[in-house]
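Naming convention: chains lettered A, B, ... in sequence-line order (proteins, then strands); numbering from 1 in each chain. Treat the numbers as computed from the prediction; the structure is a model and nothing was measured.
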There are 2 protein chains.
Amino acid sequence: MEARVAEQSTAGQANKRRVTLTRESILEAALRLCSPEGGGQLTFSRLGKELGADPTAVYRHFRDKDELVLALTDLTIQEGIELARQALPDGPADDWRAWLTVTAQSVRTSYLARPALAVLAAARTTASPAETHSVEQLISVLHRAGLPVVEAAECYRALLDLTLAMTQYTAAFSILDPQAQEKDEAAWAVKYGMLPEDEFPLLHRSAPRLTELFRDDDGVFALVLSTFLDGVAVRIERARNAG
Amino acid sequence: MEARVAEQSTAGQANKRRVTLTRESILEAALRLCSPEGGGQLTFSRLGKELGADPTAVYRHFRDKDELVLALTDLTIQEGIELARQALPDGPADDWRAWLTVTAQSVRTSYLARPALAVLAAARTTASPAETHSVEQLISVLHRAGLPVVEAAECYRALLDLTLAMTQYTAAFSILDPQAQEKDEAAWAVKYGMLPEDEFPLLHRSAPRLTELFRDDDGVFALVLSTFLDGVAVRIERARNAG
DNA sequence: GTGCCGCTGTCAATGGCATTGACAGGCTCG
DNA sequence: CGAGCCTGTCAATGCCATTGACAGCGGCAC
């Protein structure tokens with residue numbers, strides 16, 4: 001169907017042949033559009049062009065844009081989980097920390113491959129059947145590490161929101177036109193470079209690191225994640241001592 | 001000037017008297033629109049109506065919407081910092097943890113009072129001069145607690161992104177029409193309620209807590225924040241032992 | 001005081017967006 | 001062979017940000 005769509009979109013310019021859409025072909029095309037290479041913008045008109053069909057034809061398969069986005073996030077989450085599985089084929093293997101890190105990073109990676117989707121997805125948390133097993137596994141990992149079940153579930157939820165929120169935050173920034181990004185960056189650089197040393201001694205000393213972190217969203221995420229997991233470790237310790 | 005604008009907007013319906021806008025009056029009106037009571041949507045046409053002026057008049061004071069939003073986030077951050085100051089008038093007082101918690105929560109509160117702004121603000125990190133002192137103070141608190149300067153700065157950055165990202169995440173959800181929210185909620189409830197106990201034992205046991213957390217974004221944030229700060233504590237401990 | 005200029009509000013228009021309803025071709029089922 | 005549904009097409013609606021031409025009002029120079 002990949003091939004078919006491509007064929008249509010190249011040849012379909014002249015002859016007005018109807019293209020037959022399917023849920024799958026639409027999702028594929030939409031994912032392509034969401035990636036930076038695909039233009040990084042998901043709109044019905046672009047989607048129509050990509051499919052070689054009228055934009056409104058999509059409405060025959062998805063009630064509205066929201067429903068389309070929901071389906072796309074579902075796919076993306078699934079892909080992230082799959083990615084994690086490939087990275088750590090042996091499962092948790094008693095190292096809860098590595099497992100959680102890889103899982104979070106994988107989901108983040110999948111999302112960031114399609115920043116436009118991440119932005120659209122906003123706060124829609126799909127109750128995807130695909131991820132259910134992963135959630136059970138995640139909780140189980142934390143539980144075996146020593147956390148009571150409910151607390152393990154809380155940690156899962158916290159980690160999930162943390163990851164999605166920060167990923168969307170990054171995606172939103174990466175969507176901005178380069179001009180605006182540079183403007184922001186310049187503002188920061190000036191701000192941190194020009195600070196009077198006597199009034200802001202600490203800020204002055206950490207300015208290099210801060211400007212370095214400015215563009216390194218992944219670095220900041222890694223920082224947050226590892227600090228958060230340090231916190232989880234503390235909780236596990238506490239639970240063990242209490243139990 | 002507040003009064004003047006108000007006077008105009010009440011009396012100005014009939015007589016087409018020109019309203020004189022100022023940067024301040026615009027920002028005020030815009031903030032009002034961003035709050036749920038004000039309609040929760042910031043558009044030029046609404047803004048024009050609110051001001052009793054032509055929508056496009058705003059362009060005389062702000063180059064585009066982005067610039068307006070930047071100014072608004074600046075105000076909001078300032079307000080958050082002010083809030084924190086009021087909550088803890090004595091300053092850090094050697095309790096870094098309380099200080100960081102209150103600061104983060106205050107910024108979050110200010111943002112959530114205007115969800116529409118939070119969504120628009122997305123990843124624009126303003127280099128607001130207003131907050132510079134707070135940043136210096138924040139780093140100083142962590143430094144006095146025992147963290148090397150650079151690491152303190154890293155923690156600041158991590159905490160900032162964490163807070164903003166999660167707040168915007170929450171705001172994005174709260175913006176959705178109630179119908180969509182209910183749909184999501186229903187999906188979750190079904191998902192967690194219907195889980196076969198034998199296949200997902202842990203998920204089944206934690207289902208009540210998870211559905212409880214579903215709508216409680218503030219609770220999740222508190223959870224993330226406190227876990228993160230546990231992690232910071234670990235780092236402080238490490239640094240002390242190493243130094 | 002007079003004339004000019006710039007500041008700022010107004011108006012009309014543009015192009016993009018999601019979404020809707022009427023229409024039409026082709027497919028399947030009877 | 002015919003009815004009806006599935007699905008693509010087309011035209012139109014309403015909201016959005018943004019732009020360019022225009023117009024009044026104020027202050028400034030002379």
Side-chain angles (χ1 to χ4, degrees), chain A residues 1 4-5 8-9 12-27 29-30 33-34 39-72 116-117 119-120 122 124 175-177 179-180, chain B residues 1 4-5 8-9 12-27 29-30 33-34 39-72 116-117 119-120 122 124 175-177 179-180:
Chain A
M1 148 195 346
R4 183 169 183 186
V5 170
Q8 295 287 2
S9 67
Q13 293 286 33
N15 46 353
K16 297 281 175 61
R17 283 272 314 276
R18 267 179 169 224
V19 188
T20 31
L21 270 35
T22 64
R23 201 182 154 84
E24 286 74 27
S25 70
I26 294 175
L27 289 175
L33 284 183
C34 287
Q41 287 203 52
L42 181 61
T43 77
F44 279 87
S45 63
R46 284 167 191 264
L47 189 49
K49 213 176 295 176
E50 180 81 12
L51 290 162
D54 190 277
T56 62
V58 177
Y59 283 94
R60 298 290 175 202
H61 302 265
F62 297 91
R63 191 147 44 86
D64 53 13
K65 193 171 182 178
D66 210 58
E67 205 170 291
L68 176 60
V69 168
L70 243 44
L72 290 172
L117 175 60
V119 171
L120 254 6
R124 305 308 303 270
I175 284 274
L176 294 176
D177 55 337
Q179 192 193 349
Chain B
M1 147 195 345
R4 182 170 186 186
V5 169
Q8 295 286 5
S9 68
Q13 293 286 32
N15 47 355
K16 298 281 176 59
R17 284 268 317 273
R18 268 179 167 225
V19 188
T20 31
L21 270 35
T22 64
R23 202 183 153 84
E24 286 74 26
S25 69
I26 294 175
L27 290 175
L33 284 183
C34 288
Q41 286 203 52
L42 182 63
T43 79
F44 279 87
S45 63
R46 284 167 192 265
L47 189 49
K49 214 175 294 174
E50 180 81 10
L51 289 164
D54 191 278
T56 61
V58 177
Y59 283 95
R60 298 289 176 204
H61 302 265
F62 298 91
R63 191 145 46 86
D64 54 13
K65 193 171 182 178
D66 210 57
E67 205 170 291
L68 175 60
V69 167
L70 244 43
L72 290 172
L117 175 60
V119 171
L120 255 5
R124 303 309 302 272
I175 284 274
L176 294 175
D177 55 337
Q179 193 193 350

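Between B:Leu21 and B:His61 the shortest side-chain heavy-atom distance falls below 4.5 Å. For the pair B:Leu68 and B:Leu27, the minimum side-chain heavy-atom distance is below 4.5 Å. A:Leu47 has its side chain within reach of A:Leu33: a pair of non-hydrogen atoms, C-beta onward, lies under 4.5 Å apart. At a threshold of 4.5 Å between non-hydrogen side-chain atoms, the residues B:Leu42 and B:Leu72 count as touching.
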List every contact pair, protein side and nucleotides 20-22 of chain C side both N or O, where the distance is under 3.5 Å.
none

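Each of A:Pro55 and B:Ala57 lies near DNA chain C, and the nucleotide nearest B:Ala57 is the one positioned closer to the 5' end.
Taking each heavy atom of B:Gly40 and B:Ala116 in turn, the nearest pair found is O-CB, 3.2 Å. B:Val19 and B:Ala53 get closest at one heavy-atom pair: CB-CB, 4.4 Å. Minimum heavy-atom separation, B:Leu51 to B:Ser25: CD2-O, 3.8 Å.
Listed nucleotides: D:dT18, D:dT9, C:dC17. Nearest to the side chain of A:Thr43: C:dC17. Out of D:dT9, D:dA17, C:dG9, the shortest distance to the side chain of B:Lys65 is found at D:dA17. Looking at the side chain of B:Gln41, the nearest of the listed nucleotides D:dC16, D:dT18, C:dC17 is D:dC16.
For B:Leu33 and D:dA17, the CG to P distance is 11 Å, given to the nearest whole Å. Protein atom CG of B:Leu47 is 12 Å distant from nucleotide atom P of C:dT10, rounded to whole Å. The interatomic distance linking B:Leu51 (CG) with C:dT8 (C1') rounds to 14 Å, in whole Å. When the C1' atom of C:dT19 is taken as reference, atom CZ of A:Phe62 falls 16 Å away, rounded to whole Å. Spacing between atom CZ of B:Arg46 and atom C1' of D:dG14 amounts to 13 Å, rounded to whole angstrom units. Note: CG (A:Leu21) to P (D:dG8) measures 5 Å, nearest angstrom. If you measure from atom CZ of A:Arg18 to atom P of D:dC10, you get 10 Å, rounded to the nearest angstrom. Whole-Å rounding puts the B:Asp66 CG to D:dC16 P distance at 18 Å.
Listed for the B:Lys65 side chain is no donor-acceptor partner under 3.5 Å among the backbone atoms of B:Phe44. Side-chain N or O atoms of A:Asp66 include none that pairs as donor or acceptor with a backbone N or O of A:Val69 at under 3.5 Å.
Rounded to 10°, the angle separating the first-five-pair axis and the last-five-pair axis of the helix from C:dG1-D:dC30 to C:dG30-D:dC1 equals 10°.
Side-chain nitrogen and oxygen atoms of B:His61 include none within less than 4.0 Å of the OP1 or OP2 phosphate oxygen of C:dC7. Contact annotation: A:Ser45 side-chain N/O to C:dC17 OP1/OP2 distance is under 4.0 Å.
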